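Everything on this sheet refers to the single structure shown next.
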Amino acid sequence: MYKDPQSSYFDHDIFFKDKYYYDFFNVALKLPAHFTSVVVVAFYLSNSDMFPHNHDEIDFELLEHEKRRDWVLQTNLYGNGSVHTGREEKFYLWFDPTLDFHDYTILWNNHHIVFLVDNVPIREVVHNTAISSVYPSKPMSIIVTIWDGSEWATHGGKYPVNYNYAPFVTTMKGIQLEGCIKHQNNYASAIAIPTCSRRSTSSLDPVDGEGFMKLSQQQMTGLDWARRKHMFYSYCQDTKRYKVLPPECTAN
């Protein structure tokens, strides 16, 4: 992606037309090669266009570390406008994401939110009473974007993007979308009683299917491995940032 010559930064967004109330979203990405420090590649669910003051969001963000030149994966979520409480978790990838395509997946339903990389769970947010008030609960759009993260990711632009290495190209394929497609004509009223269309109501349905209600034992083993070996930051361990940790961090 080239920078707009009339702008200090660049960004490019792809919006999927449907809005989803719970879904399974997978995309295979091959990230930009060469020196791409603080270029951000992200895909996320959001409804900030419809609910600017109490929006929901579920984020997958990939950026190259400004010093290590390793790609970092960050996950985050907001519910009902809870943007002042960041729920970030950060991971170093166990592969070079610029050499080949790798799958990045978000599963979001009433039971939990699961972030997966190459079908390995790296984070699970269980929908329980501790997090229910900020659990994403309104229909959201799907957005894929690449943008200049200099101001956001490096302490106010301390390490800016080096445009001598442009263009920064991310390749995308293998898109899978399954879930509850929101009816456009009753979008706002459906907050209380959502109605939607689904392709499937089988056990493989990511909204209500039995196979998507909780992680399998094999998935739990993968989750434990990813978090022990590759996670280097969790908001639930950041006692300098939060004198009192968010309630879900201490829930059983």
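Side chains included, hydrogens not; waters and symmetry mates left out as well; all remaining heavy atoms used. Given the structure is predicted, the values throughout are model-derived calculations rather than measurements.
A search for side-chain contact (heavy atoms from CB on, under 4.5 Å) contacts involving V117 returns F60, L73, W94, F95, Y104, I122, not counting sequence neighbours. Shown here are the side-chain contact (heavy atoms from CB on, under 4.5 Å) partners of C249, two or more places apart in sequence or in another chain: Y235, C236, L245, P246. For D56, the salt bridge (charged side-chain N to carboxylate O under 4.0 Å, His left out) partners two or more places apart in sequence, or in a different chain, are K138. Considering only residues two or more places apart in sequence or on other chains, M213 meets the side-chain contact (heavy atoms from CB on, under 4.5 Å) condition with H111. Legend: residues meeting side chain to side chain donor-acceptor pair (under 3.5 Å) with T98, ordered by chain and number and at least two apart, are D96. Checked against side chain to side chain donor-acceptor pair (under 3.5 Å), D100 has no partners two or more places apart in sequence or in another chain. Taking the side chain to side chain donor-acceptor pair (under 3.5 Å) definition, one finds that N76 meets it with Y78, sequence neighbours left out. Annotation: side chain to side chain donor-acceptor pair (under 3.5 Å) contacts of Q237 (sequence neighbours excluded): none. Remark: H127 engages Y135 in a ring-ring contact (aromatic ring centres under 6.0 Å, His included) (not counting sequence neighbours). Every residue meeting the side-chain contact (heavy atoms from CB on, under 4.5 Å) condition with K90, not counting sequence neighbours, appears here in chain and number order: V72, Q74, F232, Y233. With sequence neighbours excluded, no residue satisfies salt bridge (charged side-chain N to carboxylate O under 4.0 Å, His left out) with D103.
Within the 3.5 Å criterion, the main-chain N or O of G79 finds a donor-acceptor partner in the side chain of S82. A donor-acceptor pair under 3.5 Å is formed between the side chain of D238 and the backbone N or O of R241. A donor-acceptor pair under 3.5 Å is absent between the side-chain atoms of D49 and the main chain of P52, judged by distance alone. Distance alone, capped at 3.5 Å, places no donor-acceptor pair between the N26 side chain and the L177 backbone. With hydrogens and angles disregarded, a donor-acceptor distance shorter than 3.5 Å links the side chain of S216 to the backbone of Q219.
Considering all non-hydrogen atoms of both residues, M140 and I58 come closest at CE-CD1, 3.8 Å. When all heavy atoms are compared, the tightest approach of S46 to I143 is CB-CD1, 4.1 Å. Between F91 and T75, the shortest heavy-atom distance links the atoms CE1-OG1, 4.4 Å. For N80 against S133, the heavy-atom pair with the smallest separation is ND2-O, 2.8 Å. A pairwise comparison of heavy atoms in D59 and Y44 identifies OD1-CB, 3.2 Å as the closest pair. Taking every heavy atom of both residues into account, P136 and L77 meet most closely at CD-CD1, 4.2 Å.
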Start with the C-alpha gap between V144 and M172, add the side-chain angles, then the distance that decides, and say whether side chain to side chain contact (heavy atoms under 4.5 Å, CB included) holds. CA-CA 9 Å; V144 181; M172 177 174 60; 4.0 Å; yes
Going through the distances and angles, do V41 and L29 end up as a side chain to side chain contact (heavy atoms under 4.5 Å, CB included)? CA-CA 9 Å; V41 177; L29 297 174; 4.2 Å; yes
Trace of the side chain to side chain contact (heavy atoms under 4.5 Å, CB included) decision for V125 with I131: CA-CA 9 Å; V125 180; I131 202 171; 3.5 Å; yes
CA sep, side-chain torsions, deciding dist, call: L107, H112, side chain to side chain contact (heavy atoms under 4.5 Å, CB included): CA-CA 8 Å; L107 169 66; H112 55 182; 3.8 Å; yes
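Counting heavy atoms from C-beta outward, E124 and L215 have side chains that approach closer than 4.5 Å. A heavy-atom distance below 4.5 Å is found between the side chains of F25 and F16. Side-chain contact between N110 and Y22: present, with at least one pair of heavy atoms (C-beta onward) separated by less than 4.5 Å. In this structure the side chain of V83 reaches within 4.5 angstrom of the side chain of H55, judged on heavy atoms. Two residues are said to be in side-chain contact when any heavy atoms from C-beta on lie closer than 4.5 Å; K243 and T239 fail this criterion. When side chains are defined from C-beta on, I146 does not count as touching V169, because their heavy atoms never get closer than 4.5 Å. Residues F115 and T105 are not in side-chain contact: their nearest non-hydrogen atoms beyond the backbone lie 4.5 Å or more apart.
Distance check: E61 CD to F43 CZ gives 11.0 Å after rounding to the nearest 0.5 Å. Within the model, atoms CD of Q218 and CG of N119 stand 8.5 Å from one another, a figure rounded to the nearest 0.5 Å. Taking OG1 of T170 as the start and CG of L31 as the end, the distance is 5.5 Å to the nearest 0.5 Å. Note that OG of S132 and CD of E248 are 10.0 Å apart. Values are rounded to the nearest 0.5 Å.
Here E57 does not pair with R87 in a salt bridge; the nearest charged N to carboxylate O distance is not below 4.0 Å.
Cation-pi geometry between K182 and Y20 is not met: the NZ or CZ atom fails to fall both under 6.0 Å from the ring centre and inside 45° of the normal.
Using a 4.5 Å cut-off between side-chain heavy atoms of Ile, Leu, Val, Met, Phe, Trp and Tyr, with links allowed through other members, V126 and V114 fall into different hydrophobic clusters. F101 and F168 fall into different hydrophobic clusters, defined by Ile, Leu, Val, Met, Phe, Trp and Tyr side-chain heavy atoms under 4.5 Å apart, directly or through other members. I175 and L45 fall within a single hydrophobic cluster, where Ile, Leu, Val, Met, Phe, Trp and Tyr side chains are chained together by heavy-atom contacts under 4.5 Å.
A donor atom on one side chain and an acceptor atom on the other are found under 3.5 Å apart for H102 and D118.
Counting only residues at least two apart or on different chains, the salt bridge (Lys or Arg N to Asp or Glu O under 4.0 Å) pairs with a member in residues 215-233 are E89-R227, D224-R228.
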